[in-house]
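Data block below; observations after.
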Amino acid sequence: TAGEVAEELGYKVYCVGGFVRDLLLSYPNFDIDLVVEGEGEKLAISLAERLGGRVRIHKRFGTAVVIINDDFKIDVATARTEYYEFPAALPKVEKSSLREDLYRRDFTINTLAVALNPDRYGELIDYFGGRRDLEQKYIRILYNLSFIEDPTRIMRAIRFETRYGFTIEPDTLRLAQDAVERRMLGKLSYKRILQELILILSEPDPMPALIRMKEIGVWEYVLPDVDLDRADEGLWRRIPSVVAWFKERYHALYVKTWLVYLGAILALADQESREKFLACYPLDRQALKAVKEIEKAGMVWQEIAAARDIKSSWLDKLINGWEKESLIYLLLLVREEKIWEKIVEYLDRKEKIKLEINGHDLRILGLKPGPVYKKILDELYLLKLDGIVKDKDEEINMVK
Ligand code: CTP
């Protein structure tokens, strides 16, 4: 459809970047990026009309996003074109503008494009040897200054390398190491380093990438005081399955797995480096809360392990209101089946149980309104968590 719309508008449109790369690798990818030789904005608007979606326009970047059904997105960017400067040489210049757009990118494997206009539909465009590098499994930059211009690319190279089981091509690796030695990563803001770290921690198995970061000297710029060799491999390995289990059991759609990994990493640091990290890196409120809870999780777990009788109401006092990621981390620490079951029992009840009576009922029962209401209802809730009070009648009887 994009090709047809472009044709009608007299533009050329290409599908580019990660989507094409992953298509050739048979790796799942649902983010479609289009580059338009023409006005990206206009194409996005027509495309949205045709597909029944909405458009969000980012004027400053010359990009637009077409959103269909709230979850399927197509990014549309305008290729820089020198049309007005060289009107006579239009076809050539238009062609070179896609090329130029692709040349600015990070690695050859990300420079592949597929033509979408009807006359060339499906034609693979490979200006920089991306296909060959996909076959040889190489991460290769396009020009020597690439890492100097954008040092985050060093972290991206590592991420792609471990995601696909590729290798950073030797010259590229040398240039990456050069850039690290020239302290280029020190020029990045904490925000950008954090963004890249989060992307790495969002990969299915981030540990190899972290080790590679250490090898190349990148880790020093991220969390110099954390010794990755001390990571508890068993715990680390169980993270994906415990996250998956938790999401299913508690119908939790959005669990930030990266946050569980980050918590596990920060748990390896001492108090001082942890505080330094939190002071520098701009985590949002929820992430900050989770990290702090995870910090306490070790002690909380010990307390739970030492308790003779683990009641839900008691657990509620310890971990009520914890973020999902912190609860997952706590569960990861537990190795004893009995304790695991107790915590899960608590979480199950927490999800299901609600008090059936409220302030209105207390008034009917003849109690004078005041702060005592909250106290009664809170107490009642804890009794219900422990299974002592089961239904509305029992709640009322208990109040009486
Ligand atoms: N890009 C770049 N330099 C960066 C970030 C991105 O050149 N520092 C380019 C890449 O060539 C990439 C494109 O911008 O193809 C889009 O970036 P992004 O969506 O981050 O990359 P994807 O390749 O889609 O990666 P992922 O699969 O992780 O989403």
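Position 1 is the first residue of the sequence, and the numbers go up from there. Both ligands and their constituent atoms are indexed starting at 1 by order of listing. Keep in mind it's a predicted model, so treat the numbers as computed, not measured.
Here's the thing with Asp31: none of its N/O atoms is less than 3.5 angstrom from an N/O atom of ligand 1. For ligand 1, the polar-atom distance check finds an N/O of Arg163 within less than 3.5 Å of one of the ligand's N/O atoms. For the pair Arg153 and ligand 1, the shortest N or O to N or O distance falls below 3.5 Å. Taking distance alone, with nitrogen or oxygen atoms compared against 3.5 Å, Asp22 stays at or beyond that limit from ligand 1. Residue Asp150 has at least one nitrogen or oxygen atom sitting less than 3.5 Å from a nitrogen or oxygen atom of ligand 1, judged on distance alone. Between Arg192 and ligand 1, not a single N/O pair is under 3.5 Å apart.
Salt-bridge formation is detected for the pair Asp348/Arg249: a Lys NZ or Arg NE/NH1/NH2 atom is positioned less than 4.0 Å from an Asp or Glu carboxylate oxygen. Electrostatic pairing of Asp150 and Arg156 does not count as a salt bridge here, judged by no charged N lying under 4.0 Å from a carboxylate O. Using a 4.0 Å cut-off between charged nitrogen and carboxylate oxygen, Arg132 and Asp126 do not count as a salt-bridge pair. For the pair Glu323 and Lys289, the salt-bridge criterion is met [side-chain N within less than 4.0 Å of a carboxylate O].
Within 4.0 Å of atom 16 (C) of ligand 1, not a single protein heavy atom is present. Per-atom contact check: atom 19 (O) of ligand 1 does not touch the protein, criterion being a heavy-atom distance below 4.0 Å.
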Atom pairs and distances, side-chain donor-acceptor, residues 47-54, under 3.5 Å, sequence neighbours left out:
unit_1: Arg50; atom_1: NH2; unit_2: Glu8; atom_2: OE1; d: 2.8
unit_1: Arg54; atom_1: NH2; unit_2: Asp70; atom_2: OD1; d: 3.1

Could you go through residues 171-183 and list every donor-acceptor pair under 3.5 Å that involves a side-chain atom there, pairing it with any protein atom two or more places apart or in another chain?
unit_1: Thr172; atom_1: OG1; unit_2: Ile141; atom_2: N; d: 3.2
unit_1: Thr172; atom_1: OG1; unit_2: Glu169; atom_2: OE1; d: 2.9

